[in-house]
2 protein chains.
Amino acid sequence: MAEKVTIADVARYANVSRQTVSNVLNSPEVVREETRRRVREAVRVLGYRASQAARQMRTGRSRLIAARIEPAQQDGINGSVFDRFLHGLTESAARAGYRVLLYTADDHDAELATFDDLLGVYVPDAFVLTSTDYGDPRAAWLLEQRIPFVTFGRPWGVPPDQKYPWVDVDGAAGTATATRHLLAAGHRRIAFLGWPEGSGVGDDRRSGWARTLAEAGIGPDELSELDHRTEDGVPEGAAAVTALLAAGRPVTAVVCVSDSLAIGALQAGGDVAVIGFDDTPVARAVGLTSVSQPLGEAAARCVALLTDMLDGDAARRRSHGDAAPPDDDTGAPANTSVNQGAGARGPSRTTTSGDSPAHVLLEPTLVHRRSA
Amino acid sequence: MAEKVTIADVARYANVSRQTVSNVLNSPEVVREETRRRVREAVRVLGYRASQAARQMRTGRSRLIAARIEPAQQDGINGSVFDRFLHGLTESAARAGYRVLLYTADDHDAELATFDDLLGVYVPDAFVLTSTDYGDPRAAWLLEQRIPFVTFGRPWGVPPDQKYPWVDVDGAAGTATATRHLLAAGHRRIAFLGWPEGSGVGDDRRSGWARTLAEAGIGPDELSELDHRTEDGVPEGAAAVTALLAAGRPVTAVVCVSDSLAIGALQAGGDVAVIGFDDTPVARAVGLTSVSQPLGEAAARCVALLTDMLDGDAARRRSHGDAAPPDDDTGAPANTSVNQGAGARGPSRTTTSGDSPAHVLLEPTLVHRRSA
DNA sequence: TAGTCCGTCTTGAACGATCAAATCTTGAAA
DNA sequence: TTTCAAGATTTGATCGTTCAAGACGGACTA
């Protein structure tokens, strides 16, 4: 257990005051070049790390980002999506000098209580919300408390006065790509296996399929005939496809709103091309073509939006000072290059219009496998 | 943003000193009944929460448990196992007044560096290590630094002078149960599809199968003929079963060391009963019988072992004091009933022999589905 | 020469809790 | 009544950092 080195130790070693050491770490531009070097050397030699607790006490920032780890879902197939996101979040946050604090909650009310609890004790600097949907009270609560947060998932049916930053993947674009792929392969009778109306994510994904088929000249009547809705689940998917196959004109391909349904569709047998959504491990295992969300990228964007809000002022202030990249590896506030790469990298649309918060819409990709 | 209430505010409101408030929260037994009541009321009315940062500064404890979130594995099938464990860990930790802090690391060296980093800045009170295997340097490092930790996974090939608490699931018992199930169903030619020798987990699981078949009168020659080793993966599993079926005497059932291999085995076709390991979502989706680890229980045991080490002294001291269950909902050190239910609940063996650290070995269960 | 400003560095206070030791209360024994 | 110990409560110091304000020297201006 290394005896802890304090800022006073460093100051003594470098023959300066505590505050100067602090300045070297946090606002290097106000310190003379030579002093800076001396202090940095002392930091290196003594192996100094800033104590997060002490810093938090003075500044009120914890450098923690809270995220919820979701309970395993019904069949657990889609759970892995969130886990991959969480992994990316942890990595990106670490790069920006933040850590991810986990919490659980069974429902929205419990989650609000947990917010309150966390804020009272650990005081995370920000929250990342996932699985947003209609009637979600969490964003409103956080807005009211003025706690910074980002959602992974668009605001669905949120009053227009509630504005906040978000990152999402363009589900409609994903299903559109999937549908185009099937059209190009010669299919005409392409069904959509979706969730019951009323889910933001589900309706969005359906729209991409519908739009693409409409553009290909499929009329509204045929479209609604091809549009099948059911609860999520493997057996549900199997039943749905069985029904579709038994119906009048045969369906030759199915675009599914989830891999669960798609797996079911495959199991139903029959000569049907199937495309799933989310590219879960199951899809890989059974050779299911699926729409893949760029989860690592999404997580990185979430962190970028958060650091904009959290370190924004500091970073902007710093960028006026001229020299010396503050390459602190001492646990001092990391200076993420704000909006780092958030511009024109990869297929995505970032909007930062005026005073309303930024949001990012990412494009998913289609992963081709045996099933279509 | 609720204006923060400090211990001084509570003291003023209750007409006592700061220290008395602190005592009510941390050592209630030294405070007179009536004062205690008055302070508790003040805490309630003002909505006081102890600041973790301030507390950590004085006591050195962060009430954080660090755990690594693993990168998605090759095919991601087994990844979900860890995620379920992590979920349980977060829940159990919260119940004990701790939070889970995530980190990532690509290899052991990077992980050691991250340990160092975390300990320098956030100073988690303990670590939970997963995926332990031969030559794992992490435990030794933490032991040397005298940082409390638990591993989920037995110490494989660890020098006998390195003792530390662990929790694990009895893999051999799992494969034994699976094998017995197949024997009971009339199978005699039961192969084992395992990983190459040298993996602690893999060899353990193999041993359960081997032992059971031996007990059933299968000779060593036939046993080694039935013992098949390959890298993990769906295609690998398919190839292995194809080979087994092509061989001389036909195999009628396969016990697999992982669901990945089992899925492959199923895909190979042929009339073979298949049992996997880990009961991943994929297994559920495709109807694969699989050995299920009690991951929530395992996580709870990990937390129990940790709180024994961390709050042990405090909890023991407290349990001598007579009355007043310190029902603090104020963020004060939670008083977990030590070893709560860690005794004779469920099928498991807990060992706390003398001075060596406790460990827990849990029994997995077989989840029956179509495949066997 | 004095005054002002700027760049650089230092000093004291504060964040909110707990520890250690001092002080005040109370009640029983002498 | 005095004495003393145990019980209950308070006081002062401290954890390690950053903020706010001040000190110091030199350059530049008036």
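In what follows, every heavy atom counts, from backbone to side chain, and hydrogens, waters and symmetry copies are set aside. Note on naming: letters A, B, ... go to the chains in the order of the sequence lines (proteins, then strands), and numbering restarts at 1 for each one.
- Classification of the Tyr103(A)-Phe127(A) ring pair by plane angle, with boundaries at 30° and 60°, yields perpendicular.
- Rounding to whole angstrom units, CE of residue Met57(B) and P of dA17(C) are separated by 13 Å.
- Rounded to whole angstrom, the span from the CZ atom of Arg61(B) across to the P atom of dA17(C) amounts to 19 Å.
- Aromatic ring pairs are classed by plane angle as parallel below 30°, tilted from 30° to 60° and perpendicular above 60°; the pair Phe152(A) and Phe85(A) is parallel.
- Using a 4.0 Å cut-off between a side-chain N of Lys or Arg and a carboxylate O of Asp or Glu, Lys4(B) and Asp9(B) do not qualify as a salt bridge.
- Residue Lys4(A) contributes atom NZ, which lies 10 Å from atom C1' of dG16(D) at whole-angstrom precision.
- Taking every side-chain heavy atom of Thr59(A) into account, dT18(D) is the closest of dT18(D), dG16(C), dA17(C).
- Listed by chain and residue number, nothing satisfies the side chain to side chain donor-acceptor pair (under 3.5 Å) test with Thr114(B) (two or more places apart in sequence, or in another chain).
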Could you run down the sub-3.5 Å N/O contacts of the protein with nucleotides 6-11 of chain D?
{"from": "dT9(D)", "atom 1": "OP1", "to": "Arg32(B)", "atom 2": "NE", "distance (Å)": "3.4"}
{"from": "dT9(D)", "atom 1": "OP1", "to": "Arg32(B)", "atom 2": "NH2", "distance (Å)": "3.0"}
{"from": "dT9(D)", "atom 1": "OP1", "to": "Thr35(B)", "atom 2": "OG1", "distance (Å)": "2.4"}
{"from": "dT9(D)", "atom 1": "OP2", "to": "Arg32(B)", "atom 2": "N", "distance (Å)": "3.0"}
{"from": "dT10(D)", "atom 1": "OP2", "to": "Ser17(B)", "atom 2": "N", "distance (Å)": "2.7"}
{"from": "dT10(D)", "atom 1": "OP2", "to": "Ser17(B)", "atom 2": "OG", "distance (Å)": "2.9"}
{"from": "dT10(D)", "atom 1": "OP2", "to": "Thr20(B)", "atom 2": "OG1", "distance (Å)": "2.8"}

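- Here the P atom of nucleotide dG16(C) and the CZ atom of Arg12(B) are 11 Å apart, to the nearest Å.
- A salt bridge links Glu41(B) and Arg44(B); the closest N-O separation between the charged side-chain nitrogens and carboxylate oxygens is under 4.0 Å.
- For a distance-only test at 3.5 Å, the side chain of Arg58(A) qualifies as a donor-acceptor partner of the base of dT18(D).
- At a cut-off of 3.5 Å, with distance as the only test, no side-chain donor of Ser62(B) or Gln52(B) sits close to an acceptor on the other residue.
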